[in-house]
Protein chains: 2
Amino acid sequence: VRNVCVLGLGLIGGSVLRAAGASGRTVWGATASATDGRAAAADGFAIEPTVRAALRRARDTDALVVIAVPLPALREVIDAIAETTPDCLLTDVISVKGPVRAAVARSLSTARYAGGHPMAGRSKSGWSAGDAALFDKAAWVVTTDDVDIAAWTEAARLAIDCGAHVVPATAADHDVAVGRVSHLPHVLAAVLASVGADGGPLALALAAGSFRDGSRVAGSRPELVRAMCEGNRDALLTALDDALGRLGAARGSLASTGSLTTTLANGNKARQAFDGLDDGTNDKITVQLDAPGALDELAALGLRGGRVVAIDGSTALAEVPPGP
Amino acid sequence: VRNVCVLGLGLIGGSVLRAAGASGRTVWGATASATDGRAAAADGFAIEPTVRAALRRARDTDALVVIAVPLPALREVIDAIAETTPDCLLTDVISVKGPVRAAVARSLSTARYAGGHPMAGRSKSGWSAGDAALFDKAAWVVTTDDVDIAAWTEAARLAIDCGAHVVPATAADHDVAVGRVSHLPHVLAAVLASVGADGGPLALALAAGSFRDGSRVAGSRPELVRAMCEGNRDALLTALDDALGRLGAARGSLASTGSLTTTLANGNKARQAFDGLDDGTNDKITVQLDAPGALDELAALGLRGGRVVAIDGSTALAEVPPGP
């Protein structure tokens, strides 16, 4: 069982450290935040005094290094890895994959890298918000392009040990998808919160479930949301244009005919598709990780909405929604 | 304690019947839905065979009549009241107040009416989705214009008996506010769900908390959402224009400067204002319901975000957020 070195101990990194440790692995971490570092040490975790010290320990045991810092801090961490253990086994848990992939290719071309992104979060941040159970049954993307199957498998095993299901995807496909389902919701939540508050105290006093849920993620730390959304600019612009088009069409229809039929019917159908994903009808298939073309097969499985739920030796067990 | 006659036994009407009954009042209902009527009777409630039979019983005991049908069915219920008991004590729980107020003024000018709207809901509908606890600490608007204080007090007492807090507001102020905090969230949820589903199976497989919460109310029955949103067209158009303006500004800023700072900072500030509403710092004041100008005083209190939490004789006890 491979050791795990986590760099960055905020909500996500801190939860990875806890979950990987709970799975029985030897884990340690480092963070630039003295607060998070002290809190993690007080909770009994091995915290190295510096990122470089943590990386030297990773080099000595060929541990899996997990980058868990916000995108703007990536540069610094990559420099430390390049200096200390440039051919390490490497993954990350940053919410955008294209820029991380490019930075690794540029400065860490010898690293055995597969990108990662667990689709789990909370409005609170920092070590204290973390939870070993944060990733239970969550989707955790592991990227399939520019990686070798050994690195992919290491990152996927970590995700599964943390309780997640692995969604294989190319970095580009990942970024387009999360622009729609993760970054757009943050912008819409901010807009909804602002339009509600513009209605004054009466409007906020009348705000109930639809407003509370629709604006929830506007309560997240804006600088973390910025790092996430601005780092995925192109894909988010596409998602914003789709949303603007649909919202404008709703506005036009309501103004001209008084009807919101199309908007609401389409939205309801889409939400039912989402609610129906885990209805127990998924096909169970296997992928041989040591067969030629395994990474392409995995990426195709991800595009169909499939998830790897276990890895047994070199066999990945996956669930895939039945075809249309 | 005044008897209560509920017309319409869906999620809201069924919950009013249960909650008012649980408070110790004599309650009965009627519904055009044979399914809901049978289910309510099976749960031990007094269900009259027709709306007119329920209204005759209301006339005989001067009961409070509660209209709990969707807006498109209002006409029919008003006709039945005009025929049976045109001077009844009357309120409603429909999600838009201007059109109800106008219909009552036109066809039931002798009714002792104050409009109502409990800000509570669920994605499920019908009698079976109802719950006596649905209104616990929820805001429940009781309108203050074109009403007399006796009718206002009767409607407010019902709301409080159902566990709610009463927010006094004019019909127009109510409609503008809910356009922002209740109807707009439904349109945004539909748009988000559609943009997510347009990303295909991979996008839906990666959708997590922000998408789940942001699109939740897209799972509501579209015909009920339509009745609600389309019935408040003017106010919703204003809210949609504000949302389009803010979303377009976010798009423009991201495209031109790469920044979402303003959008996200404003949204975070607005959400914090919402989260801070119940922070325990509210002022406690009283309003004498038998004093001249009580209705104006109540409406002003509602505009400041205040809620009436109890009525003791002719004294209303209210909580109001401290001034800025």
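Here is the naming used below: chain letters follow the sequence lines, and residue numbers restart at 1 for every chain.
- For A:T257, the part lying under 4.5 angstrom from a heavy atom of chain B is the backbone only.
- Proximity of a side-chain donor or acceptor of A:R233 to a complementary backbone N or O of B:L254 within less than 3.5 Å is detected.
- Here the side chains of B:S182 and A:L206 are not in contact, with every heavy-atom distance at 4.5 Å or above.
- Counting heavy-atom pairs under 4.5 Å between each of B:A139, B:A207, B:A138 and chain A puts B:A207 at the top.
- To the nearest 0.5 Å, atom CG of residue B:N268 and atom CZ of residue A:R226 are 12.5 Å apart.
- No side-chain heavy atom of B:R180 sits under 4.5 Å from any side-chain heavy atom of A:F211.
- Between A:G267 and B:A218, the shortest heavy-atom contact is O-CB, 3.8 Å.
- Interface residue A:R307: only side-chain heavy atoms are found under 4.5 Å from chain B.
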Could you walk me through whether B:V217 and A:D213 satisfy the side chain to side chain contact (heavy atoms under 4.5 Å, CB included) test, starting with their C-alpha distance in whole Å, then the side-chain angles of each, then the deciding distance to 0.1 Å, before giving a yes or no?
CA-CA 9 Å; B:V217 294; A:D213 284 2; over 6 Å; no

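- Taking the side chain as every heavy atom from C-beta outward, B:E230 and A:T261 approach each other to under 4.5 Å.
- Taken to the nearest 0.5 Å, the NZ atom of A:K269 stands 9.0 Å off from the OG atom of B:S194.
- With a 4.5 angstrom heavy-atom cutoff, B:L277 touches chain A only via side-chain atoms.
- Contacts of B:D275 with chain A are absent, with no heavy-atom separation under 4.5 Å from either backbone or side chain.
- Contact of A:A169 with chain B is made through the side chain alone, with heavy-atom distances under 4.5 Å.
- Both the backbone and the side chain of A:V191 have a heavy atom closer than 4.5 Å to some heavy atom of chain B.
- Heavy-atom pairs under 4.5 Å with chain B peak, among A:D242, A:L260, A:L237, A:L240, at A:L237.
- The part of A:S220 that comes within reach of chain B is its backbone (N, CA, C, O), which places non-hydrogen atoms under 4.5 angstrom from that chain.
- Between the side chain of A:R271 and the backbone N or O of B:R212, at least one donor-acceptor pair lies under 3.5 Å.
- Interface residue A:D198: backbone and side-chain heavy atoms are both found under 4.5 Å from chain B.
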